[in-house]
Q: 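Okay, handing you the structure first.
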2 protein chains.
Amino acid sequence: MGRPTIKDVAEYAGVSPKTVSNVVNDYEHVSDRTRAAVREAIDALGYRINIAGRQLRRGRTGMITLAVPDLDIAYFAELAHHVMPEAERRGETVLIVETGGRREREIAAVQGFDAEFTDGVILSPLALQPRDLARRDTRLPLVLLGECNPPGTADHVAIDNVSAAREATAHLLSRGRRRIAVIGGALRGPRNTGRLRTMGYQQALDAAGVPLPNDLVKPVPAYRWADGATAARALMRGPERPDALLCLNDHLALGALRALHEDGWSVPKDVDVVGFDDIEATRYSIPTVTTVAPDKPGIAREAVGMLLDRIDRGNADDTAVEKVAGHRLLVRESSGG
Amino acid sequence: MGRPTIKDVAEYAGVSPKTVSNVVNDYEHVSDRTRAAVREAIDALGYRINIAGRQLRRGRTGMITLAVPDLDIAYFAELAHHVMPEAERRGETVLIVETGGRREREIAAVQGFDAEFTDGVILSPLALQPRDLARRDTRLPLVLLGECNPPGTADHVAIDNVSAAREATAHLLSRGRRRIAVIGGALRGPRNTGRLRTMGYQQALDAAGVPLPNDLVKPVPAYRWADGATAARALMRGPERPDALLCLNDHLALGALRALHEDGWSVPKDVDVVGFDDIEATRYSIPTVTTVAPDKPGIAREAVGMLLDRIDRGNADDTAVEKVAGHRLLVRESSGG
DNA sequence: TTGAAAGCGCTAACAC
DNA sequence: GTGTTAGCGCTTTCAA
């Protein structure tokens, strides 16, 4: 015989399938005796509910998707680590999907792939275009993390990237740094995370009356260790040698640290280094890395909450919600802390 | 109207539901004309298959569980990063679950939790006891990773931990190190990863005729940065100061590196450091860390393959399969590389 | 407080 | 090459 069904349990306990269902779902109006009998039957038969039957009937899977670029990026692993228990606390299971930061995979995620797996999606996009959202032909509830597509398109949680970068830059300026490079930055283009943080950097320079240095805003192919190392090496060997590196995530900062070490530069004596995300490695590296710490538990809580709200409301088409998560600058050895 | 079903598509295209199903499932014997018409209807209606109906009918969910202690441990994030595309390549979706290394969560994982979510489980256990497997009252296909419970209980993939540790220790001995400490090791107790690696360490010492130093096998509460730092500090300040640290994973090694730096020790001049797992951080730390690199893609491929085999065979009760994944020692700066 | 009947969306088996 | 029928396991009426 195959796996026991609710019918088998019912037969064994001498009740109807509906009664078993009532017990399984903690329905109140079940006599203690019946409940006990059903429980016993469940144990005896080793019954486990078949989620497919339930979700077919209920029209909900009890699962939500968390789509991130890459679990190899510690920030996303840490984020997942916070999202999963938060979802579990609220009775949902999380399906993690890696997009690789590729646009077609991100589009697939906001479309619910080709199958309707989950009740909603939390996506941390990198390549998604505003028009991809506009074209979305589904009511699949969606919450966006980090990247700031034109507000109003979807629910969204992020830190205040402009302020965060402004504070980090102001910190470097207050240490007398004037030739501050931005690794992973962008002086123009869409208002993605890199652009917003570069704007904050520019604002801090403006406020201090420091002119924007030439050629020190350096884009990178990705926010990985190797990219930080390459960029730092190029900047330090270039004509406009910086005295500080504002790295737009911690992996870039740690990669930069390594390249600086190899080229014989001392941090923070010759050059300061600052990162974003507060991944665990920055607390143990040599030197430890000053970083902007986003409120990860808060982001996870808000994202899950917003998504479940939308799912519960049937994703009614009202206006999108914007939430700003907290952040703080943790000054460590790499900038004199 | 709600989400379109296969019936709606059939009506729109003027065919039967079964024909739509055939098209969706890439069944061969469908005329091009029909196929095109169905495709068009699908696009027009924005139809996406409802996975619940399919899995109810097919008796398979197309999902497998990957249960790891903690995504914050880079090794497990990297492992997940390899398992997901491998599973996808084979048409399966991966549900990641964190156990926190807690026994009751690991038991729940091998039992399939209380719901029938997935078709099988890949578990990387830490606290699971042999008797937990013996007691298992389910036919849920299972593959174990890493920890070596009594062979024969379940399919199992791991590197040869004894050999790996022996090689790493031999490497340190060949550099003239004689007072080699083991952070995370165990001289007795169950044959878990820590014990096996300590056995390899002992074998290498024996082979070289080096007596086992006193008090240098140091257990740790967990394999995290902080634990490595604490252990390294204690060892270096203790009465039996080591000249090398064999750290049983890279997080321990990186934490140790930090503690050594803080106490003014130079690596590798004063003391060598070796880790396990080859996480990306070890390639960028200062100094870079010598480590045992397991064949992660191979582990992922074997684990997924073994699990799907079992699922396809209906988990017939034949003997468990043992697979040994490859590994190699990468000598880096922390031991003179 | 419990039970009977119906049907969620899909596909296997079989007919045509 | 395509359609009909039946039923996967569950929960939602509604009735008893």
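To find a chain, count down the sequence lines: A is the first, B the second, and so on, and within it residues start at 1.
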Q: Using a 4.0 Å heavy-atom cut-off to protein, can you give one letter per nucleotide of nucleotides 6-16 of chain C, 5' to 3': B if the base is in contact, S if only the sugar-phosphate is, - if neither?
A: BBBBBBBB---
Q: Round to the nearest Å and state the distance from A/R35 atom CZ to C/dT1 atom C1'.
A: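 Checked: the CZ to C1' distance equals 11 Å.
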Q: Rounded to whole Å, please give me the gap between OH in A/Y27 and P in C/dT1.
A: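 Rounded to whole Å, this separation is 8 Å.
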Q: Would you say the side-chain atoms of B/T118 and B/T65 include a donor-acceptor pair closer than 3.5 Å?
A: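 Yes, side-chain donor-acceptor contact under 3.5 Å.
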Q: Describe, as an angle rounded to 10 degrees, how the axis at the first end of the helix from C/dT1-D/dA16 to C/dC16-D/dG1 is tilted relative to the axis at the last end, five pairs per end.
A: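 The helix from C/dT1-D/dA16 to C/dC16-D/dG1 shows an end-to-end axis angle of 30°.
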Q: Salt bridge between B/D312 and B/R60, side-chain N to carboxylate O under 4.0 Å?
A: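 Yes, B/D312 and B/R60 are salt-bridged.
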Q: Closer than 3.5 angstrom, by distance alone: can the side chain of A/R105 be matched with the main-chain N or O of A/G100 as a donor-acceptor pair?
A: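 Checked: no pair found.
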Q: With a strict under 4.0 Å distance from non-hydrogen atoms of chain A, what nucleotide opens and what nucleotide closes the contacted stretch of DNA chain D, reading 5' to 3'?
A: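 Range of nucleotides within reach of chain A: D/dG9 to D/dT13.
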Q: Under a 4.0 Å threshold between the charged nitrogen and the carboxylate oxygen, would A/R103 count as salt-bridged to A/E106?
A: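 Between A/R103 and A/E106 there is no salt bridge, as every charged N stays at least 4.0 Å from the carboxylate O atoms.
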Q: Applying salt bridge (charged side-chain N to carboxylate O under 4.0 Å, His left out), name anything that partners B/R33, two or more places apart in sequence or on another chain.
A: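 Expected list: none.
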Q: I'd like to check the salt bridge (charged side-chain N to carboxylate O under 4.0 Å, His left out) partners of B/K323; sequence neighbours left out, ordered by chain and number.
A: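 Residues passing salt bridge (charged side-chain N to carboxylate O under 4.0 Å, His left out) with B/K323: B/E302.
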Q: Any salt bridge linking A/E104 with A/R102? Criterion: basic side-chain nitrogen under 4.0 Å from a carboxylate oxygen.
A: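 Result for this pair is yes, salt bridge flagged.
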Q: Does A/N50 reach the side chain of A/T5, with side-chain heavy atoms less than 4.5 Å apart?
A: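 Heavy-atom side-chain distance check fails, nothing below 4.5 Å.
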Q: Taking the six-membered ring of A/Y27, is NZ or CZ of A/K18 closer than 6.0 Å to its centre and within 45° of its axis?
A: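 Yes, a cation-pi geometry holds between A/K18 and A/Y27.
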Q: Can you tell me which residue pairs pass the side chain to side chain donor-acceptor pair (under 3.5 Å) test with a partner in residues 39-48 of chain A, sequence neighbours excluded?
A: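 Pairs touching residues 39-48 of chain A that pass the test: A/R48-B/E116, A/R48-B/T138.
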